[in-house]
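Comments concern the structure below.
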Amino acid sequence: MVKVKAATVWFAGCSGCHMSFLDLDEWLFEFAKFVDVVYSPIADVKVYPEDVDVCLVEGAVSNDEQVEMAKRIRQRTKIVIAFGDCAVTSNVPAMRNPLGKPEVVLKRAYDSPEFLNHQIPSEPGILPVLTDKVRPLHEVIDVDLYLPGCPPPAKRIQTALGQLLAGGPVKLEGRELIKFG
Ligand code: SF4
């Protein structure tokens, strides 16, 4: 049997969506019969591979590294899922948007006079550069499926992935499967 190649990615989010994925508990053993996880924060893989079947993207897009990664994911993946409210709407990470340029937030976090050795960290080529605005995934790349929730409950993730493994299409209906927050 050819297994489905799945990936998960963590952008600007709290990892709560990944934790909800792990809440699938024993169903993950069933999932593993049909799926190879080829890239994920929970797998030690350095390079996003070619020909990925499905990718769950947690988090909003908030820096230049994530913009590049999002484009790479889109080029190399058949089905891209905006996984959780941060990916779908930009949610909590976008709270910095009304404050203006990212320097405002960086200054408050790193360069306030009450801190010892206060300075804004900068290491070109090593530290990613924050984008002017935090954006939901669909504003950066095309998205195939939206899985809302903060985080999406395990049951919702299981329903969507189960329908995909069965050949799709994914149909999420009713409050329990499409509610935000
Ligand atoms: S949607 Fe909620 S749980 Fe998921 S990364 Fe964002 S804040 Fe965390």
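Just so it is clear, the model here is predicted, and its values are computed rather than measured. Indexing begins at 1, ligand by ligand and atom by atom, following the structure's order.
Checked by atom type and distance alone, the side chain of D85 never pairs as donor or acceptor with a backbone atom of P148 at under 3.5 Å. With hydrogens and angles disregarded, no donor-acceptor distance shorter than 3.5 Å links the side chain of T77 to the backbone of D53.
For ligand 1, the atoms closer than 4.0 angstrom to any heavy atom of E58 are 5 (S). Interface atoms of ligand 1 facing G13, defined by a heavy-atom separation under 4.0 Å, are 5 (S).
Of the protein's non-hydrogen atoms, C17 SG, 2.3 Å is the one closest to atom 4 (Fe) of ligand 1. Counting only heavy atoms of the protein, atom 6 (Fe) of ligand 1 lies nearest to C86 SG, 2.3 Å.
Taking a 4.0 Å cut-off on heavy atoms, G149 registers as neighbouring ligand 1.
Note on ring orientation: taking the six-membered ring where Trp is involved, the planes of Y146 and H138 are perpendicular (angle over 60°, cut-offs 30° and 60°).
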Test log, rule salt bridge (charged side-chain N to carboxylate O under 4.0 Å, His left out), inputs R108 and E114
CA-CA 10 Å; R108 180 66 188 88; E114 67 266 31; 3.7 Å; yes
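Residue contacts to atom 4 (Fe) of ligand 1: C14 brings no N, O or S atom closer than 2.8 Å. Checking C150 against atom 2 (Fe) of ligand 1, an N/O/S atom falls under the 2.8 Å cut-off.
L145 and I141 fall into different hydrophobic clusters, where Ile, Leu, Val, Met, Phe, Trp and Tyr are joined by side-chain heavy atoms under 4.5 Å apart, directly or via other members.
In this structure, R96 does not pair ionically with D132, as no charged nitrogen and carboxylate oxygen lie closer than 4.0 Å.
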